[in-house]
Enquirer: 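There's a structure below that I have some questions on.
Numbered from 1 within each chain, the chains take letters A, B, ... in sequence-line order.
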Amino acid sequence: MGRCEGLHAHAGWCCKGSVHQIGEGGRMMMERYIAPHVERALKAMGVDEAIKVHFEIPRQEGHGHLSTNIAMTLAKALKGNPRQIATDLLQHLGTELPLIEKIEIAGPGFLNITFSTEVYHAMLRDLALQGADIGRSTVGAGRTCNVEYVSANPTGLLHAGHGRNCAVGDTIANILQWCGYDVTREYYFNNAGNQMNMLGKSIYARYRQELGDVEYEFPENGYHGDYPRIIAQQIIAKDGDAYREETEEALTVCRKTGEAWCFEAIQRTLDVLNIHHDVFFNEDTLYSDGKVAQTIDELRSKGLVYEKDGATWLALTQMGQQQDKVIVKSTGEATYRLPDIAYHRDKLQRGFEMIVDIFGADHIATIPDVLAGVEALGFDTSRVKVIIHQMVTFVENGEVVKFSKRSGKSFTLDDLIEEVGADVVRFFFVMRAVGTHLEFDLGLAKEEGEKNPVFYLQYAHARICSILRKAEEQGIAVEPTSDLSVLVHPHEIELITTLSRMQLVMERAAASLEPHTVAEYLRDLAATYHHFYHDCRILGAEPELQSARLLLADVTRRAMRNGLFVLGVQAPERM
RNA sequence: GCGCCCAUAGCUCAACUGGAUAGAGCAACAGCCUUCUAAGCUGUAGGUCGCAGGUUCGAGUCCUGCUGGGCGCGCCA
């Protein structure tokens, strides 16, 4: 994250007093402006040049636009009290700094920097000139990244709880792409192994039952719900009673047909959520391409594999794990661990600089094993970022809604989308930090009104669009060259400040892989716009003011649209 | 028993990764539409940041130990 690097790279840069030369929005711009001065002053005081100056935006109003704690961090080295150091620093800084209104010492020794309002006009100009790219970043340019998410087995429909994985994964992919990364969206398709066989058996049982064998036993751990029967009916429609005899072929047909059916159903659901993967990686190709065999051979050659009780074990205890685990059952089938290691080995071999895995908390135990496995194979696992989101609780009218799979009445993601809409689904699942348990309030989600946070954002966007339509009707155009010096109202300044933060918010979200920060930011942006809207009339104001405010509103519209785009939520022009 | 996650206003959650007086939204109360969308805005009230220590100029944030909740700990995935 280039905050300090960037600052140092420009340490020798000399300010000529015109902010237009900086050409970069927001905090970075203010920081780049002031940092060289602070460093020069520190140098004059004899402070080690390697020291990094940290700036931050004070959360308290009245503490200036930018503040630094440098005096406090230097207190120890200089053996002085922070306020005295701050005073010295201030003297070395001098009073001849253009664009700066004042610098104050506050609290234990903060330096609070207040810029003159023309800085804001320059920032808004920059943002306006960015056009459709407002909030975009290039920090990830030239870097490849693979984001794996959803990855639900094709043994049924996505259930409502899958929604969090879908929304978190896709939003993280969007954020990274927004910041310039070359992103591959991947779905690991678990179409080998036991679960698929069980699906085949479940469908076959329904097939036989549909053909009149009412006594035919449904497998004990079979998949309930309507769909195995529906798939069975499709097989009957196509091939009639051709599989009345229970053969390998019959089960294979059921399994294959079921897989295809589930795959289609899952894709339809994802499509509604505006989620489109680039790669569907089939687990069975790991076997057919010999990658599973290669993986186990490599592990074996490193002495990490042994046989016991007729099974093949991975010596995880030699890799710092708590216990060894079976990777090939005595039946000859692999456990999920082996193909998982082979899959990650494959992703690493494909050369991605960063690999992001999105998992639910229920898979937490598998991760250390897989990472230990690929690390033993000689890969750098620091390239793998594992995002573990906590579970979701659905709540309605203050009561937890319980869904039981056994009852067959499961709550599918399709059901959820139908009830509250795709936009709300996407937003609700990313609006909380991934590490916290998410309470999904169905009542609030269904509410198409003021309480619903999604509408709050969309409403701000629609409101701006409405003004722009009216302006257009009146022949008033948005002019990127409008004189912005007329913007002095606190809410105008506040809005510009918030807008200029957007790029940094996106970069931080990309660095921390925390999508909720984008949702938080947009709520803040919407609120700031509503404040501005309420107090600063646009149409009908003095011509210069009208023009400047119209531009400000238009920049806000684009920022909001971009932000909603990153969240995968629609930005309606009318509501 | 072991591992990981969580605990902040009545409820759901933030807190710029160690900073200043911990912030929003719901819910409660009181206001604002003859003017660009009231799906909005303004104000009031609401806190021992689970508990106890520790680290330092400074801790909701870091370390340790508790307590309470979640998810795991399979020759299922």
Enquirer: Going by side-chain hydrogen bond (donor to acceptor under 3.5 Å, both in side chains), name the residues that satisfy it together with Tyr533(A), two or more places apart in sequence or in a different chain.
Expert: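 Once residues adjacent in sequence are excluded, Tyr533(A) has no partner under the side-chain hydrogen bond (donor to acceptor under 3.5 Å, both in side chains) criterion.
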Enquirer: Using the C1' atoms only, state how far U67(B) lies from G53(B), rounded to an integer number of Å.
Expert: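 Per the computed distance, 15 Å lies between those C1' atoms.
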Enquirer: Without decimals, in angstroms, what is the distance between Glu447(A) CD and A39(B) P?
Expert: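 Answer to the nearest Å: 13 Å.
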Enquirer: Counting side-chain heavy atoms from CB outward, which of C41(B), C75(B), A15(B) is closest to Arg59(A)?
Expert: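 Of the candidates, A15(B) comes closest.
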Enquirer: Please map the stems of RNA chain B, keeping only stretches of three or more Watson-Crick or G-U wobble pairs with both distances under 3.5 angstrom.
Expert: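 RNA chain B stems, ordered by first number: B:1-5 with B:69-73, B:10-13 with B:23-26, B:28-32 with B:40-44, B:50-54 with B:62-66.
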Enquirer: Kindly say whether Val370(A) contributes a backbone atom to a donor-acceptor pair with the side chain of Asp340(A) at under 3.5 angstrom?
Expert: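 Side chain of Asp340(A) to backbone of Val370(A), a donor-acceptor pair under 3.5 Å: no, none is there.
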Enquirer: With respect to the side chain of Pro108(A), which nucleotide from G40(B), U42(B), G19(B) is positioned closest?
Expert: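 Nearest listed nucleotide: G19(B).
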Enquirer: Mind calculating the distance between CD1 (Ile476(A)) and C1' (C36(B)) to the nearest angstrom?
Expert: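 So the CD1-C1' distance, Ile476(A) to C36(B), works out to 10 Å.
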Enquirer: Would you check if the side chain of Asn69(A) reaches a backbone N or O of Met72(A) as a donor-acceptor pair within less than 3.5 Å?
Expert: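 Not at all, since once roles are kept as given, no pair shorter than 3.5 Å links the two residues.
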Enquirer: In chain order, what residues pass the salt bridge (Lys or Arg N to Asp or Glu O under 4.0 Å) check against Lys325(A), with sequence neighbours excluded?
Expert: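 Partners of Lys325(A) under the salt bridge (Lys or Arg N to Asp or Glu O under 4.0 Å) test: Asp369(A).
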Enquirer: Please tell me whether Phe280(A) and Tyr188(A) form a close aromatic pair, meaning their ring centres lie under 6.0 Å apart.
Expert: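 No, ring centres 6.0 Å or more apart.
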Enquirer: Please pick, from C75(B), C4(B), C41(B), the nucleotide with the shortest atom-to-atom distance to any side-chain atom of His534(A).
Expert: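 Selected nucleotide (nearest to the side chain): C41(B).
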Enquirer: Check the side chains of Glu186(A) and Tyr149(A) for a donor-acceptor pair under 3.5 angstrom, ignoring hydrogens and angles.
Expert: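 No.
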Enquirer: Which listed nucleotide (C71(B), C13(B), A39(B)) is nearest to the side chain of Glu439(A)?
Expert: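 Closest nucleotide among those given: C13(B).
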